[in-house]
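So the structure is just underneath, and the comments pick up after that.
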Amino acid sequence: GKADDTLNWATDKEVAVVDPYFSVTRELVIMGQMGWDGLVLFNNETGEFDPLLAKSWEWQSNTVVDFDLRDDVVFHDGSKFDADDVVYTINFLADPSNGVPAQSVVNWMKGATKLGQYKVRLELREPFANAFAYLANEIMIMPEGFYDNAPVGADGTRDLSALTPTGTGPYKVADIKTGDYILWDKNDDYFSGGPKGTPEIGHINFRAIKESNTQLAELMTGGLDWAWDVPKEQADRLEQSGQVTVVNEKTLRIAYLAFDVDGSSGQTFFTDQKVREAVAHAIDRDSIAVELVGAASEAIDSACHPDQFGCTQDVVHYDYNPEKAKELLAEAGYPDGFEFDLYGYRQREIAEAIIGDLSAVGIKANLNWLQYSSLLEKVQDGKTPVNFMTWGSSSIYDVAAITSHFFKGGPDDPAKDPRTAEALQRGDTSIDPEVRKEAYAEALGIIADEIYWLPLFSYAKYYAFSNDLEFTPTPDEIPRLYAARWK
Amino acid sequence: MTDTTTPILSIRNLTVALPVRIERDNAVDNLTFDVRPREILCVVGESGSGKSITSLATMGLLSPSLKVTGGEILFDGRNVLELEPGEHNALRGDRMAMIFQEPMTALNPAYTVGHQIEEVFRVHRSLGAAERRQRTLKLLEEVRLPDPERLFESYPHQLSGGQRQRIMIAMSLALDPKLLIADEPTTALDVTTQAQILRLLKQLNSKHDAGIMFITHDFSVVAEIADRVVVMRQGQIVEQGTADEVLNHPRHPYTRSLIDAVPRPAESPDKAAVENPVVIQVDHLQKTFHSAGGMFSKGRSVAAVRDVSFKVRRGETLGIVGESGSGKTTLVRCLMRLMDPDSGSINISGVDFASKTAGELRAHRKDIQIVFQDPYGSLNPRRTIGSQLIQGAVNFGVSRKEAWRRVYELLEIVRMPKYSVHRYPSQFSGGQRQRLCIARALVVNPKVLIADEAVSALDVSIQREVLKLINDIRDRLGLTVIFITHDLRVAAQVCDEVLVMKHGEVVERGGVGQIFKAPQHDYTRALLAAQPGQDWVIPDMAEFSEQMDEVVGQ
Amino acid sequence: MLAFLSKRIAVAILVALTVSMITFSMNYLTGDPAIAMAGENATEADLDAIREFYGYDRPIPVQYFSWLTNALHGDLGHSHYLNQPVTDEIMARLPATMTLGLFALIFALALSIPLGVLAAIRPNSLLDRIALTTAVVGQAMPSFWFALTMMLWFGINWQILPVSGADTWAHFVMPSIALGYYITPGVMRLTRAGMLDVLRSDYIRTARAKGVSKFSLLFKHALRNAIIPVVSLAAVQFGFMLGGSIVIETIFSINGLGYLAWESIQRADLPMMQAIVLVLSFFYIALTFLADVLNAWLDPRIRMG
Amino acid sequence: MSILDNDSLTAPEHETVLSPGQLMFRRAMTHRGLCLGGLVILAIVVIALLAPVIAPHDPYEQVLSEKLIPPVWFDNPATSWSHVLGTDHLGRDYLSRLIYGARISLLIGFAAMLISGVIGTVLGVCAGYFGGRVDMVISFIITTRLSMPVVLVALAVVTIVGSSLSVVIWVIGLLIWDRFAVVMRSATQQVRGLDFVTSAQSLGSSTARILFTEVLPNISNQIIVIATLEMAHAILLEAALSFLGLGVQPPTPSWGLMISDAKGLMFFDGWLIAVPGVALFVLVLAINLVGDGLRDVTAPEDRN
Ligand SMILES: Nc1ncnc2c1ncn2[C@@H]1O[C@H](COP(=O)(O)OP(=O)(O)OP(=O)(O)O)[C@@H](O)[C@H]1O
Ligand SMILES: Nc1ncnc2c1ncn2[C@@H]1O[C@H](COP(=O)(O)OP(=O)(O)OP(=O)(O)O)[C@@H](O)[C@H]1O
Ligand SMILES: [Mg+2]
Ligand SMILES: [Mg+2]
Ligand code: NI
């Protein structure tokens, strides 16, 4: 709390090792920004990338970019930051034999070379539109040789718990108790004039509190200053109570239903476009968005988040119309409806609402609830007639992070329609915004026309934090805790 | 010297109701008698006549289903029925004590017997641990328990029936109570031990001015110790008076019938040896109990049966008498393979009982039946008598109808009412349960019957009936009987041959005539000498036998 | 005793082997460790890379045997998710769970046994009904409800107890009560049932004839014979608390074994799961052994063997 | 001849006295707890069977804009008599869901209790009675079962066979027999050495018969206790499993699920959890009363 100058925040995931590469959780993206700096930083207001460890950069070609680095930065252990650190970090990440789990985050980089003490060159494997997004959000610069000190186990993996997290960021790790808390102290030596500003709050303490009721209890009793992902109803009640500040902020995550278009699941109802259309008319997406998700949530029509580059909403809109749905079903030969399996893994109450809407038009959905990993396997094998899924796009404001992932013929592609694949490929490999927009619009149009997916709504997250705290949520789901201050 | 004329216990018009009307309304009906200090009052009577219930009512330990509906029980001038539970509790174990009829189940299985005796001191006196232990050991010695140090550490299940009974006795004598109620305290004891116990009781009686209410079926014991006698039947007192009056000049027909049924000293000569086939052949049977040591104490072992061999021919009755704890029960349990012997061979009607598996034996069990020494534990408390009685017959393939017929026939013979089949064991008196057990064993028409003190809790008239029954079956069907008893007169009456056991060994064996007339072994002689009531010449009641039949057979 | 012990150890080894085998295959079925490591938005290529790098693409028996060989050498493995040796992590979490379990057991026994005994004295009396209600509440009220209700009153409304964490003894008060209350019904009701049976027996009458006090009659003479099934139950329940206190640990944010087990299943963290299951089976075996020894001591008629 | 028909061993009637069956019946009819518990269970069963007739609404009918209306006794303008117990988080009538939920919960509770009771009792009694090697094998099975995390098993089952009502019942039944087994084992150990067991042996009773007629009746108290315990346990476990995907899936109502669903609003709308909670409490209480009553009625003594 304000009294002891400690910002206590909690999420429901425990963090074992404070390392932005080997722990693939949202928590470490947040803490990555606290403890480390990337070369650049995304600016939510301008939508541009600000220089951070890099002072400036210059594209030499589609695949080569040179960075000029700051020379006034020191790591938490006192060592000075220079090009060697950047080169080490990037080359370490780019080498698959180092086993960084989230390969897609790093494998677009071919490597880095030192051009001078404060100048490096980054080479890409191929032109990549999201390069800067990754550089900003994920690629944190470690001190040279950082991972070399970790003891290597029998099977060749590193024991990272033996390392002391060291970065250049505005906060540095003061104490870790695995699974319990991670305490950060303000980095008094943080360079000034950077886009992250100067840290003000003395300490930031992270705790994992799995149970949302407990988070609430701690918030109300002052044990916590900041929490997010507060369920809607609880957030509404909290807001009414006035004990804490509650903000609903949109996110890049969207929800959608994906249909088994080719009948591989054995339940062939959804190979008929009329049936898919009936489903689209049957579900009251607006009500679900408003009543169950949050004020900042909105129903969507295209297979991407409206805020993403290239995400046009100018596609066919299926309004909520149960009567029409029934008609369509009758036309398709199911005047008495049918029964099918719906798969899901997250937010049962929404799945339940969808089932309720469907049953109102005579379709009975049997809910199959699976772990994400098991579900993914089933989805990729085409075993699911309909699956209720979500996608967060790794906080990347670009259709490439979602539509291209799903409709380019990959394992996740429900339709394997060559038309979308072609259009998306066109968009992905171009750097001309107009060309890209046009290509993506074409693909999104096809998806909406054919209803391969039924995009449902964009998510909105509830943030709840102490009334003493000055904090602004951002839609990229990377809360800038390092920039928070007391009122 | 205390006043010996004011009764220590005085029961006035006591009536205890039975919960549901069964054979009669009241378990005891309008009972009135006194027990004075320095007096031994013997209560005899029909099994099931309410003797135990009267004692329990005095102690305030009646089962909650039985209610005192009238009368008073004055102990030391105070009506115990009106005492606060706490006050009564303070009296119990200290001023009034009771020896229970059922020694087998009356001890807590979880504690060593030493501990259980000691507890009396702990509850009522503040003595040091060493003194408590020492006094307990002394008590164990007084009741003639061998090896007190071992027994002190033994658990009830490791003791023989007689040993447990003596533990109960020791417990009740611990604090020299003013009133001692002894409910058939010596049924499981061999006569030498019995004599010792009776002496002990007399001592308590005279030295400590205690009044003793002594319930027994054994008239020789009555003759030995009684000052006065109360005769009960069907919840009522039919006669009371001094020992001499009741024993020698009984007035009530029931009393006379009882005395008539008392077994007379045997004069049966040895039967000529018949060459029937051998039914039971036992060779070199051994059984040793090893009580596992605890964490800190070392284990001990008891050789309960040592190298015993004998054979029994068809139609013969083999008696086993001997010291309590000498291994009689163990011997017969091993014989039936209800317990695995350590070594030795057993052959019953050509079947090798020692080596067969439990499954194989099952089919042969029909031929050999046992009446357990303990009628309390051997009836399942949760099943009706009926289902337990026909179980055996049904198991061996007798039709249900036939089985019920036999059950009713046997119930009649053991003089239990037919509707007993609907009741649960806890609703019967000790003798009644024993009769049910006998009936249960006989329902399957066994070829061999083992009776482990099967008639000890029966009043003499029923006892005579049962013995007659056994003899009848033996003669008619060639039943072979092994008969364990402490009552030498009974043994003399029914047995052809007798084994005398001591310390797990057979010390003497021979025909009844030889054993009782010309005993060879010292122990046998000691046994015979210790028989109680030898001075009593049983009056001949033959002239009343007609009257008697009327009374008994109503 | 020695023979008995060695038999138990043989059983223990067998249990450990079987359980580890089943866990291995089940865990493999239910989740893909690669997905857990890569995060939700990973691409198929990412997953393949992880599988290959960490050897998840080998056939399951091969993986199991390599795990088993290492385990036999005393190396229970390394959690790729947590990037830590499994044993370190378990050792770090065990104390919290043990403390919680122990406090809970003490609370449960202290509440349920006297209550069970008292209820048996006068069946169907008011006291018996109160005890019954206490037990039924414990049965019908899921532990999370009970725990959160306590949290609401003691933590939020009155603020006399800390809401979550495991730093001081005060942190353990609510969790222990919540967890303990969860096992109270069983122990209490079983004690009552046993007492009702035992109080009828002849030796209780003997004890009364000796004039022992009511207390000693109930708690010394009767309880010792009545409690034997209760001891076995309590041992199992204690095991439940060590392994299954997921709910309570989650609610009060106590970093214990139950919580770790739950998380490990969800992220298909095989080595961690394996080690936890081994620890659990070790505990259960030890507990049932203890219960057997205790029971044999309580009732000498029960032989061990 | 079956080994279970012990009660058919009853004797022909006698005029003067009542047979044990009649006596027991009479005692049962005068036992307050037993009658009360029996009536409550009967009522719940009837309500469950007649759900379509009794329920005021379709339990699936959702009106998102009418969600979370409190029950009528709350001082809140939103309350309405059309939703006596209010509505849930999707605007469905709570009373109707409660009534329909009784079906699933009763079914799961009883069926799972039966399955686990049979398995656990058989294993426990065998282990306790035979001892030695049998005990070792069964102890092995019990410990293995105990060490397997329920969650893991549940997840594996969903992945392999999916989820349906019968699957849930079987899974729960196959998972919760451990307490039965453990308790029966030690209870049997206590009974097996008693003389009436020996005497049944000498009467030639088969082992199965001894187990059924000598041992079982003497451990029936413990069985009753564990059975009532496991029944409530099964009902709640179903809800927990359903969150893992194994269990009755929404929107089908069940009490356990209603309780779990209400968890999120525990601090703010306590009634959401209290309504199904009280229903479950009443059911469990009734079952316990019946259990106690059965014990009193079958116990050979203490007939007040
Ligand atoms: N708990 C009970 N419930 C019902 N009836 C009982 C109960 N206890 C004893 N009885 C009945 O009361 C009568 C008297 O029993 P009691 O035990 O006093 O007999 P007893 O004279 O001691 O006989 P015995 O010499 O055989 O021991 C018997 O007929 C018995 O069936
Ligand atoms: N389970 C046991 N464990 C240890 N010792 C035992 C066990 N059972 C009996 N004994 C001992 O074996 C000896 C013989 O006992 P047994 O019961 O055969 O005697 P008994 O001749 O039948 O005596 P009684 O006439 O008193 O019934 C006794 O000393 C007894 O203490
Ligand atoms: Mg008697
Ligand atoms: Mg004997
Ligand atoms: Ni490893």
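We name chains A, B, ... by the order of the sequence lines, and we start the count at 1 in each one. What's counted below: heavy atoms across the whole structure, side chains too, no hydrogens, waters or symmetry copies.
- Contacts of Asp178(D) with chain C are made by side-chain atoms alone, with heavy-atom separations under 4.5 Å and no backbone atom involved.
- Note: Ile273(D) leads Val151(D), Ile273(D), Leu280(D) in heavy-atom pairs under 4.5 Å with chain C.
- By the 4.5 Å heavy-atom criterion applied to side chains, Arg295(D) and Asp197(C) are counted as neighbours.
- Counting heavy atoms from C-beta on, the side chains of Leu194(D) and Arg301(C) come closer than 4.5 Å.
- Looking at heavy atoms from C-beta onward, Leu289(D) lies in side-chain contact with Arg129(C) at the 4.5 angstrom threshold.
- To the nearest 0.5 angstrom, Phe144(C) atom CZ is 8.0 Å from Met266(D) atom CE.
- In terms of heavy-atom pairs under 4.5 angstrom with chain D, the leader among Gln237(C), Met273(C), Gln266(C) is Gln237(C).
- In this structure, chain C has a heavy atom under 4.5 Å from the side chain of Thr159(D), while its backbone stays farther away.
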Q: Kindly determine whether Val15(C) and Ser147(D) satisfy side chain to side chain contact (heavy atoms under 4.5 Å, CB included), including the steps that lead there.
A: CA-CA 9 Å; Val15(C) 169; Ser147(D) 319; 4.3 Å; yes
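- Across all their heavy atoms, Ser186(D) and Pro229(C) have their closest contact at OG-CA, 3.2 Å.
- Interface check for chain D: of the options Ile265(C), Asp128(C), Val230(C), Val231(C), the most heavy-atom pairs under 4.5 Å are formed by Ile265(C).
- Only the side chain of Ile156(C) comes within contact range of chain D, with heavy atoms under 4.5 Å apart.
- Contacts between Ile160(D) and chain C at a heavy-atom distance below 4.5 Å involve the side chain alone, from C-beta outward.
- Residues Phe267(D) and Leu148(C) share a closest heavy-atom pair of CE2-O, 3.4 Å.
- Counting heavy atoms from C-beta on, the side chains of Leu285(D) and Leu132(C) come closer than 4.5 Å.
- Judged by distance alone, with hydrogens and angles left aside, the side-chain atoms of Gln190(D) form no donor-acceptor pair with the main-chain N or O of Ala226(C) at under 3.5 Å.
- Contact annotation for Val236(C): only side-chain heavy atoms (C-beta onward) come within less than 4.5 Å of a heavy atom of chain D.
- Taking every heavy atom of both residues into account, Thr143(D) and Tyr284(C) meet most closely at CG2-CB, 3.8 Å.
- Around atom CH2 of Trp271(D), more than 12 heavy atoms belonging to other residues, nucleotides or ligands sit under 6.0 Å away.
- Under the 4.5 Å side-chain criterion, counting only non-hydrogen atoms from C-beta, Leu280(C) is not in contact with Met148(D).
- With respect to chain C, the highest number of heavy-atom pairs below 4.5 Å among Val150(D), Ile287(D), Ile219(D), Val153(D) belongs to Val153(D).
- When heavy atoms are compared at a cutoff of 4.5 Å, Ile235(D) does not approach chain C at all.
- Nearest approach of Thr133(C) to Phe281(D), heavy atoms of both residues: CG2-CZ, 3.8 Å.
- Using a 4.0 Å cut-off between charged nitrogen and carboxylate oxygen, Asp292(C) and Arg185(D) count as a salt-bridge pair.
- Between Asp292(D) and Arg192(C), some side-chain heavy-atom pair lies under the 4.5 Å cut-off.
- Shortest non-hydrogen contact noted between Val182(D) and Leu233(C) is CG1-N, 4.2 Å.
- Considering every non-hydrogen atom in both Ala140(C) and Leu236(D), the closest pair reads O-CD1, 4.0 Å.
- For the set Glu230(D), Gln222(D), His233(D), Met231(D), the entry with the most heavy-atom pairs within less than 4.5 Å of chain C is Gln222(D).
- Residues Val277(C) and Pro149(D) have side chains in contact (heavy-atom distance under 4.5 Å, counting atoms from C-beta outward).
- In this structure, the side chains of Ile142(D) and Thr288(C) stay at 4.5 Å or more apart for every pair of heavy atoms.
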Q: May I have the step-by-step check of side chain to side chain contact (heavy atoms under 4.5 Å, CB included) for Met26(C) and Leu155(D), ending in yes or no?
A: CA-CA 8 Å; Met26(C) 277 203 191; Leu155(D) 285 177; over 6 Å; no
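- Between chain D and the options Val137(C), Leu152(C), Leu190(C), heavy-atom pairs under 4.5 Å are most frequent for Leu190(C).
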